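Some notes on the structure that comes next.
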Amino acid sequence: MNAKEMKMDSWHILMRMRAPKVGSCDPVAPLELPHSLHAFHRVSPSDELNMEGFHTFRGGFWNYFSMGMDAQVSYAFHSERKMNPDKFKNQLVNQSSYLKLGCTQGWFFAPLVRPSSKNIAQLTKVKIMKKQGEWQDLHIPPSVRSIVCLNLPSFSGGLNPWGTPNSNKRRYRDLTPPFVDDGLLEVVGFRDAWHGLVLLAPKGHGTRLAQAHGIRFEFHKGTADHTFMRIDGEPWKQPLPENDDTVVVEISHLGQVKMLATHDCRAKSIYDPSSQFSHDADEADSDEENSVNEERRKFGAADTFKIPDEVDVSSLS
């Protein structure tokens with residue numbers, strides 16, 4: 001009854017790949033796809049990429065699209081839960097299983113055990129639309145192994161990977177707080193699981209790559225035959241080109257819907273006077289490398305991350 005009306009952006013995702021010449025006619029098993037992605041043979045008669053032998057998938061999301069290590073761990077958890085649903089009966093067990101999968105897959109020691117071919121910069125060419133109709137290349141640091149395109153300031157259990165850029169970053173990098181109705185996606189990168197744990201600290205954030213009206217991923221023949229993607233919590237295993245073809249994933253602004261937001265809602269509107277940052281609450285927004293090293297040093301401390309007492313730590317190794 002006390003909520004106020006607020007608009008929220010929605011996003012369209014288009015994925016196109018060549019149908020395989022052998023084996024199943026579907027490049028991605030239908031049951032593997034998120035509920036929000038649907039197969040279409042054509043998009044529109046005017047689409048210049050309409051070609052025989054290609055599959056097109058269309059869908060949408062409200063919260064985020066991600067690719068890389070976070071989606072891989074989520075996919076492993078999702079697959080394990082489908083095979084053994086009786087082992088996932090409560091939140092504590094789910095969280096400990098998720099942490100164990102992150103450890104066993106090597107994401108806490110990614111620079112040592114994960115091949116560089118899994119890095120985002122090696123897998124795909126990324127383009128963003130800063131101005132309507134104008135695409136430009138986005139530089140991805142070679143160490144980034146996970147990329148998240150955010151609509152809401154909430155990811156992985158309510159964490160905020162974008163944070164609030166301080167005045168210097170807003171001025172010199174043209175960054176803004178993560179408003180939910182500004183027609184922009186916040187694009188954030190992560191190097192490994194340690195980097196992700198920075199979000200548990202006050203003012204912690206990932207590597208802010210860009211804010212854009214649209215983003216396009218182009219996958220060409222390379223060193224990996226698949227990657228992992230996730231839309232609003234639903235992961236899938238995405239095959240990548242085996243020849244000279246290209247897999248394209250493009251995200252564009254779809255429109256807005258009206259929602260109800262309580263007074264303490266984390267999501268903010270660009271048109272809400274209370275959302276305008278007249279002072280820099282995040283003025284102490286620390287340097288990226290110093291922040292990561294500090295949080296790695298403090299890993300396990302009560303104010304950053306603590307495994308619940310009920311969890312047997314020895315079972316996680």
Side-chain angles (χ1 to χ4, degrees), residues 1-14 36 59-66 126-136 138-139 147-190 198-199 202-217 230-233 250-286 288:
M1 291 178 62
N2 297 324
K4 60 182 179 181
E5 192 176 89
M6 182 172 64
K7 289 185 177 181
M8 185 176 75
D9 294 324
S10 64
W11 296 86
H12 174 260
I13 181 168
L14 182 148
S36 61
F61 66 91
W62 306 96
N63 194 351
Y64 67 88
F65 166 86
S66 69
V126 184
K127 294 185 177 182
I128 58 172
M129 185 184 293
K130 293 285 288 183
K131 296 181 179 180
Q132 292 295 343
E134 297 181 11
W135 290 98
Q136 64 185 64
L138 176 64
H139 171 70
I147 190 169
V148 183
C149 304
L150 282 164
N151 183 39
L152 304 180
S154 179
F155 175 76
S156 189
L159 302 174
N160 183 3
W162 185 257
T164 305
N166 62 27
S167 59
N168 288 333
K169 290 186 174 66
R170 299 209 295 269
R171 183 182 305 114
Y172 297 113
R173 292 190 58 194
D174 193 26
L175 302 179
T176 71
F179 299 118
V180 299
D181 56 352
D182 57 0
L184 294 172
L185 282 171
E186 282 71 43
V187 185
V188 186
F190 293 98
V198 172
L199 301 182
K203 301 178 183 177
H205 60 84
T207 300
R208 299 179 181 122
L209 299 174
Q211 285 177 302
H213 296 286
I215 186 167
R216 178 189 294 164
F217 300 91
R230 185 163 58 146
I231 295 178
D232 286 355
E250 184 173 316
I251 299 172
S252 56
H253 191 258
L254 180 61
Q256 292 185 329
V257 296
K258 293 181 179 179
M259 304 291 288
L260 290 176
T262 58
H263 72 281
D264 57 349
C265 177
R266 180 183 294 177
K268 300 298 181 183
S269 168
I270 194 172
Y271 301 107
D272 185 349
S274 64
S275 297
Q276 304 305 318
F277 288 73
S278 58
H279 58 87
D280 292 292
D282 193 16
E283 202 61 59
D285 190 10
S286 58
E288 184 75 28

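Everything quoted here is computed from the prediction, not taken from an experiment.
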Rounded distance [0.5 Å steps], OG in Ser252 versus CD1 in Ile215: 12.0 Å
Minimum side-chain heavy-atom gap Tyr64-Asp232 below 4.5 Å: yes
Interatomic distance, Thr262 atom OG1 to Lys4 atom NZ [nearest 0.5 angstrom]: 9.0 Å
Closest non-hydrogen atom pair between Ile128 and Ala212, with its separation: CB-CB, 3.8 Å
Polar side-chain atom of Asp181 near backbone of Ile270 as donor-acceptor pair, under 3.5 Å: yes
Heavy-atom pair of closest approach, residues Ile231 and Phe61: CG2-CB, 3.4 Å
Student check: side-chain heavy atoms of Trp11 and His253 closer than 4.5 Å: yes
Contact check, side chains of Phe217 and Ile147, non-hydrogen atoms, under 4.5 Å: yes
His213 to Lys130 - nearest heavy-atom pair and separation: CD2-O, 3.1 Å
Neighbour count above 12 (heavy atom, 6.0 Å) for Met8 CE: yes
Minimum-distance pair of heavy atoms, taken over all atoms of Val188 and Gly206: CG1-CA, 3.6 Å
Pairwise distance CD(Gln256) to CE(Met6) - rounded to 0.5 angstrom: 10.5 Å
Rounded distance (nearest 0.5 Å) linking atom CZ of Phe179 with atom CD of Gln211: 9.5 Å
Note, Phe190 side chain near Ser66 side chain (heavy atom, < 4.5 Å): no
Flag side-chain contact, heavy atom, 4.5 Å: Leu185 against Phe65: no
Greater than 12 external heavy atoms within 6.0 Å of Asn2's CG: no
Heavy-atom closest pair, residues Pro153 and Pro178: CB-CG, 3.9 Å
Arg173 side chain to Arg208 backbone, donor-acceptor under 3.5 Å: yes
Shortest non-hydrogen separation from Glu186 to Trp162 and the atoms involved: CG-CD2, 3.4 Å
Euclidean distance, Asn63 CG relative to Leu152 CG, rounded to 0.5 Å: 4.5 Å
Under 3.5 Å: donor-acceptor pair, side chain of Asn151, backbone of Asp9: yes
